Amino acid sequence: ASNLSLLGAEKMRLASLLVSLGQAHVFDGWPPAGARDDEKRALFAQLATLEKAYPGGLRAYYENAKTLLADAKEGKTPLEGWTPEVPTGARVEAGSAEFLALEAIGMQHVGQTGFVLVAGGLGERLGYNGIKIALPMDLVSGKSFMQWYAEYILAFQARACRADRAIPLAIMTSDDTHERTASFLREHDFFGLREQQVTLMKQEKVPALVDNAARFARADGSFLLETKPHGHGDVHHLLLSSGIAQSWAKAGVKWLAFFQDTNALAFRAMACLLGVSAKHKLEYNSLTVPRTPGEAVGGIVRLKRADGAEMTVNVEYNQLDPLLRATVSAEGDVADGASGNSPYPGNINVLALELAPYIKVLESTGGQMPEFVNPKYKDGAKEAFAKPTRIECMMQDYPRLLAPGARVGFTQLDRWIAFSPAKNNANDAAKKAAAGGPPESASSCEADMYSANARLLAKAGVDVARGAEVRPLGIPVMLSPQIHLCPAFAPTWTELLKKVKGGSISARSSLVIDGDVTQLKGLELDGALILRPSRGSSIKVDGLKERNDGWALQMLEKGEAVPEVLAMRGYRLVQGGSRTLAFCNGKERLVKA
Ligand code: UGB
C-alpha cells in the first residue's frame with residue numbers, strides 16, 4: 001500500500017477500484033518505488049483503457065461477470081421459461097418479381113444507409129496469418145474482400161446519391177487487426193472510397209477471469225492483465241461511444257447495414273434486405289438462409305413465455321439444440337421433414353437496422369449488450385476453470401434489448417445468393433463437407449461466388465455450361481466456369497437483367513467483368529475474356545465471339561511451396577491465352593462479332 005500511495009490521482013483511483021473489486025492480487029509482488037516502473041506504467045495504461053472501453057467500466061464488468069458466472073455454475077440459461085416457435089418473416093425467392101420489387105425499394109434507401117463491417121476477428125479457424133478482409137475472394141479477379149465491399153458501396157453510391165454525398169462505412173477492428181487494416185486501406189488508397197468516408201473503430205479486449213469470484217487473470221511475466229476478445233457485440237457500443245451513429249444520423253443516414261468480413265455474397269442480397277426493412281418498417285431485420293441442422297449458425301426463433309411476453313431473436317447454434325430438447329422437440333436440432341433444413345431460419349449476421357430507434361435504444365442502455373459466459377470447468381463442483389474465461393457478447397443479440405412490440409423481422413433468401421463465407425481451414429472444411437454440411441473454406445467461398453454469377457447470367461438468358469466437381473484438399477467444389485461480375489457492372493439483379501441478353505459461356509471459360517460494361521448481349525465465350533474499361537470509359541458488347549486457350553485452375557501437388565492464399569485453396573490459376581479489352585478513351589466502345 002505504501003508503494004501504491006505514491007501513485008498519481010488517476011492511478012490511485014484505478015488501484016483502489018481494483019482493490020474494492022477483490023482484485024488486490026493484481027498487485028502481488030509489486031516492487032518498491034523506482035523498480036520496474038515501465039511495467040507498472042504499462043499496467044495502469046492498460047487499466048485506463050479497459051476502464052474506458054467497457055460500458056460502466058471495470059466495476060460493471062466485474063459485477064456482470066460475477067452474476068453470469070454464478071448463473072453458469074447453477075446451469076441457468078437466459079432461455080429458461082421461453083418456448084420456441086418458428087417465426088414469420090419475409091421469405092423471398094431470389095430473382096422473383098417480389099425480389100426485384102424489393103430491390104427497387106431498397107435502392108431508394110441505400111443512399112441513406114451507413115455500412116458497418118465487423119472485422120476484429122483474427123480467423124483462427126481459417127488458419128490465415130493475415131487479416132481476412134485482405135484475402136483474395138477469387139483468383140480470376142484477384143480482388144480482396146475489402147476491395148469488393150468498397151466497390152459495392154461505390155456502385156450503390158453512384159446510383160443512389162448526389163455527387164457530393166458519400167455512403168459512409170465504419171469498420172470495427174481489434175488489437176489483432178487494427179494496424180494491418182489501417183495500412184491495407186492506405187496502401188490501396190481506400191479502394192476508391194474517400195478517406196473521410198471510412199472510419200475505423202477499434203474494439204478493446206476484456207480481462208480474463210480465473211474463477212467464479214471473477215478474479216482477473218495476470219498475464220505471464222509482467223504486471224499486465226491477461227485479456228480476451230469480448231465478441232462482435234462490441235460494435236453497438238462502439239458506434240454509440242465513438243459518436244459515429246449520432247453523426248451519421250445528423251448527416252441524413254436512416255439505415256445501418258452490418259456485414260461480416262468474408263461473406264462477399266451478402267451484397268448481392270443487400271438491396272432486397274433494405275427493401276424489406278423499408279417496406280415493413282422494420283427496426284431490426286436479419287438476412288437469413290435455410291439452415292442445415294447442427295450447422296454453426298444461429299437460428300432465428302420466436303420465443304414465448306407463459307406471461308405473454310414474446311420476442312424474435314437469434315438462438316446461437318450451441319443453445320438451439322438444448323432449448324428444443326427441453327421444450328418442443330425431443331429430437332432437438334433436426335430437419336423439418338423433407339426439406340433437410342432446420343425450420344428455424346439461419347442467421348448470417350447481415351443485419352439491417354433503422355438508425356433513429358437504434359440510437360435511442362443504445363442511449364437508454366449505455367451501449368451495454370446482453371452477455372454470456374462459457375467457462376470450461378475442470379472439476380465436477382464447477383469451481384475451477386481449465387483456462388481463464390471472459391464474458392462475451394454478440395451483435396445479433398441486439399433485439400433482446402428491444403421493447404415488446406418492436407418491429408423485428410427477417411428476410412430469408414436462398415443460400416446461393418446470400419451466404420458463403422471463408423471461415424474454416426481446409427482440414428476442417430473437408431470434414432464438414434464429408435458430414436454433409438457447407439465447407440465454408442476459401443475454395444468453397446470462391447466457387448460459390450462463381451456459381452452465383454453463373455446462375456445470375458443464366459437467369460438473364462445466357463447459356464452457361466457447368467464444369468465438373470473437383471476436390472482440392474478433399475473439399476468438393478464447382479470451380480468452373482470462373483465468372484467475376486464487378487459491382488459497378490450490376491449491383492442489383494434488376495440491373496443485371498437489363499444489361500445482359502443471351503449468349504453462351506463454355507465450362508472451361510473465365511469471364512471477368514471489371515468496369516462499366518453497359519451491355520452484355522450475345523457474348524459467345526470459350527476461353528478467357530477480361531472486360532476492363534478504365535474509369536470514364538465503357539464497353540458495350542453485342543454479339544462478341546471469343547475463343548482462346550483460356551485460363552485453368554490447376555490442382556497443387558502435395559507439399560508444393562506456394563503462397564498461403566493458394567495453399568489454403570489447394571489450386572492455382574494458370575493464365576494461358578486470353579483476350580483483354582481495356583479501353584481508356586473516355587467513350588463507350590461497341591464490341592461486336
Ligand atoms: N468479429 C469481430 O469483429 N470481433 C470479435 O471479437 C469477434 C468476431 P466469426 P461466429 O455467419 O457464419 C457468427 O468468429 O461469431 C467479427 C454468428 O454468431 O466468424 O462464430 C469477425 O471478424 C453466427 O450466428 O463468427 O458466428 C467476423 O467478421 C453465424 O451468423 C464476424 O465478427 C455465423 O457468424 C463473425 O465472427 C456465420
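Order of listing sets the numbers, starting from 1, for every ligand and every atom in it. When a residue number appears, it is its place in the shown sequence, counting from 1. Just so you know, these numbers come straight off a predicted model, no measurement behind them.
Residue contact annotation: Phe419 has a non-hydrogen atom under 4.0 Å from ligand 1. For the ligand labelled ligand 1, residue Met395 lies outside the 4.0 Å heavy-atom shell. Within the 4.0 Å heavy-atom shell around ligand 1 one finds Ala119. A heavy-atom separation below 4.0 Å is not found between Ser174 and ligand 1.
Taking a cutoff of 4.0 Å between a charged side-chain nitrogen and a carboxylate oxygen, Asp175 and Lys202 qualify as a salt bridge. Between Asp448 and Arg415, no side-chain nitrogen of the basic residue sits less than 4.0 Å from a carboxylate oxygen of the acidic one, so the salt-bridge criterion is not met.
Taking distance alone, with nitrogen or oxygen atoms compared against 3.5 Å, Met394 stays at or beyond that limit from ligand 1. Every N/O-N/O distance between Asn314 and ligand 1 stays at or above 3.5 Å. Between Val297 and ligand 1, not a single N/O pair is under 3.5 Å apart. In terms of N/O distances under 3.5 Å, ligand 1 is not approached by His230. Taking only nitrogen or oxygen atoms, main chain and side chain alike, Ala296 does not reach within less than 3.5 Å of ligand 1.
Residue-ligand proximity, Gly120 to ligand 1, at heavy-atom distances under 4.0 Å covers atoms 2 (C), 3 (O), 4 (N), 22 (O).
Here the heavy atom of the protein found nearest to atom 10 (P) of ligand 1 is Arg125 NH2, 3.9 Å.
Residue Lys66 places its NZ atom among 12 or fewer non-hydrogen atoms of other residues, nucleotides or ligands, all under 6.0 Å distant.
When Met172, Glu316, Gln260, Gln203 are checked for heavy-atom proximity to atom 26 (O) of ligand 1, Glu316 turns out nearest.
Heavy-atom minimum distance, Arg325 versus Gly332: CG-CA, 3.7 Å.
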